[in-house]
Amino acid sequence: MRTATLGPAQRAESLASMAEHELDVLVVGGGVVGAGTALDAATRGLTTGLVEARDWASGTSSRSSKLIHGGLRYLEMLDFALVREALKERGLLLERLAPHLVRPVPFLYPLQHKGWERLYAGAGVALYDTMATARGHGRGLPVHRHLSRRHALRAAPCLKKDALVGALQYYDAQMDDARFVTNLVRTAAAYGARTANGARVTGFLREGERVVGARVRDVEGGGEYEVRAKQVVNATGVWTDDTQAMVGERGQFHVRASKGIHLVVPKDRIHSTTGLILRTEKSVLFVIPWGRHWIVGTTDTDWDLDKAHPAASSADIDYLLEHVNSVLAVPLTRDDVEGVYAGLRPLLSGESDATSKLSREHTVAHPVPGLVVVAGGKYTTYRVMAKDAVDAAVHGLDVRVAGCVTEETPLVGADGFHALWNARARTAARTGLHQVRVEHLLQRYGTMADEVLDLIAADPSLGEPLKSADDYLRAEITYAASHEGARHLDDALTRRTRISIETFDRGTRCAREAAELMAPVLGWDEGQIAREVEHYEKRVEAERESQRQPDDLTADAARLGAPDVVPR
């Protein structure tokens, strides 16, 4: 299939087109659910628009544990339907929809009690594997295995010997969540969706009781647009209640924000060949392989402060360090932490007992004619949420609409990925890049890696790594602005790449170099380059200061010390 380019020209054309022609469906919210909804609608032949107030995946969808999983712990809650659904989606993503972005990851679960715990946990993991394969979507993942303490310590020498009596090892999957959303948006655009980030909905258009569109402000270029649509889908996650308030209607459910924080530490700080999953008194703790790093998380605490920039406090960081150190032979310290990020889970809470129990499930409502609201759920099941939202929207259209086809629609970069992966040594020889670099590009862009390689062929200096973030090539920053919709330095360093959490300086040392690479694409002059760098540095410092604060209130106040919008 052809790919779409999310560059400045495409964005301008999309905004103009949305303002000029009535859409079948306008989706508000550029996280994984909103992007998935736009793709679902576009592939049914509906004229579709997608707007996002900030950057693609700038909220919850870039701040997750980066796992595609069935939710093993939900088996313990006897929520078999949710696990079955999520395992099916995991299989589809691994095998068909996004094999270039989603890959297997092993986890070791240490056992602390002899006898009963191995039987109990082993039965749960066996059921997990069985449910995955029952519908034919478990291929490609090894089945679980039981390990003695000696074999477990061989796989994870980092563990204290007295922290386990044995272990279970099983597999789930992982991805880069923000990159996944960008690929969803590009796929939707390739099928005709008009897409624009930096486009904030300031209100809904009404004709009597019916919602007939939205007022959209161009945050980047200024100007207001009236975008008319037969159906509007509110997919704004933790902002659902705020967006719903614009309609002036009382919602049938509410979304409660739960904060989860994660730490990123270098690979050499934890000596293990496998990820870890540990029980805490509240939930579970993951230690997740992440390239040359580990991700340690997560917490689960109520959050009712700033939704755009949830802050991790010193207490949050201490909580994770304390719990992971309870099983590590060589404990982690604050000095080992390269990056910290905090995200908000959109959990459903209703006014009745029935809705208050929905939690990680999702729901779709039609509160007023012309408006569909989708909320809740988990990242892995975004496609199901999107399907349900479009199904609800279709009921409000007076034409016959095709059914959902996203189960059979690979994301851009997926078609032909395995063939290109098998030929990676030839690609390395042809381009002069090391094979490890080629593998890195293929696992981030799939078959679209050729577009990055074309940039390098035209300008060999782009084939060099960034000076202070050498996991990434200079071409990736240029490509983020020209093809992936990055509008600001923060977009490129925080979401198109993960430099902001994968370096001890949080990306400040390469900020100038990256801004200069983006400048020709986005038309920045020297003054705008300086403003972009200054804004990024202030954001990093505000985050560092928040992480020194003792609690949520003081951490939130410190984080809000940085401006939200880059000045022009």
Side-chain angles (χ1 to χ4, degrees), residues 25 27-44 48 50 52 56-71 74 81-102 137 172-189 191 193 195 233-240 255 260 343-348 358-364 372-393 404-414 495:
V25 177
V27 183
V28 182
V32 70
V33 177
T37 301
L39 173 60
D40 189 296
T43 52
R44 296 194 199 199
T48 305
L50 171 65
E52 159 59 38
W56 306 123
S58 56
T60 301
S61 295
S62 62
R63 306 176 189 188
S64 73
S65 296
K66 314 197 188 318
L67 293 176
I68 295 292
H69 63 119
Y74 297 114
L82 179 63
V83 176
R84 186 182 300 110
E85 179 180 81
L87 285 172
K88 175 189 174 182
E89 296 303 311
R90 185 190 72 177
L92 285 171
L93 289 165
L94 276 166
E95 298 161 18
R96 182 186 304 163
L97 304 184
H100 57 311
L101 299 173
V102 181
H137 292 295
D172 257 319
Q174 71 175 164
M175 47 73 224
D176 183 323
D177 47 10
R179 290 208 59 75
F180 189 92
V181 173
T182 299
N183 273 256
L184 270 178
V185 176
R186 290 187 70 178
T187 309
Y191 285 103
T195 64
V233 178
N234 175 7
T236 51
V238 294
W239 287 272
T240 298
V255 174
L344 301 177
R345 304 176 190 87
L347 302 181
L348 291 174
L358 286 171
S359 185
R360 296 299 276 170
E361 297 177 24
H362 72 273
T363 194
V364 175
V372 172
V373 181
V374 56
K378 55 203 292 284
Y379 200 112
T380 303
T381 56
Y382 81 89
R383 195 192 62 81
V384 179
M385 296 175 67
K387 174 186 178 299
D388 291 348
V390 177
D391 283 346
C404 174
V405 296
T406 54
E407 189 170 325
E408 306 291 337
T409 306
L411 302 195
V412 290
R495 286 171 289 278

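We count residues from 1, following the sequence as given.
Under 3.5 Å, the side chains of T406 and R383 contain a donor-acceptor pair of N or O atoms.
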Inset, instruction - Quick one: do L87 and R84 satisfy side-chain contact (heavy atoms from CB on, under 4.5 Å)? Show the steps, please. - result: CA-CA 5 Å; L87 285 172; R84 186 182 300 110; 5.9 Å; no

Inset, instruction - Determine, stepwise, if the pair D40 / Y382 fulfils side-chain contact (heavy atoms from CB on, under 4.5 Å). - result: CA-CA 11 Å; D40 189 296; Y382 81 89; over 6 Å; no

Legend entry - Test side-chain contact (heavy atoms from CB on, under 4.5 Å) applied to L93 and I68, step by step: CA-CA 9 Å; L93 289 165; I68 295 292; 3.8 Å; yes

Inset, instruction - Would you please test E85 and K378 for salt bridge (Lys or Arg N to Asp or Glu O under 4.0 Å) and show each step? - result: CA-CA 11 Å; E85 179 180 81; K378 55 203 292 284; over 6 Å; no

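Two residues are said to be in side-chain contact when any heavy atoms from C-beta on lie closer than 4.5 Å; F180 and V102 meet this criterion. Using a 4.5 Å heavy-atom threshold, the side chains of R495 and T182 count as separate. You'll find the side chain of R179 stays beyond 4.5 Å of the side chain of V181, heavy atoms only. Contact annotation: the side chain of L101 never approaches that of D176 to less than 4.5 Å [non-hydrogen atoms, C-beta and beyond].
Between the side chain of T187 and the backbone N or O of V412, at least one donor-acceptor pair lies under 3.5 Å.
Contact record, V364 with D388: CG2-CB, 3.8 Å, taken as the closest heavy-atom pair. Closest approach of V27 and A235 over heavy atoms only: CG1-CB, 4.4 Å.
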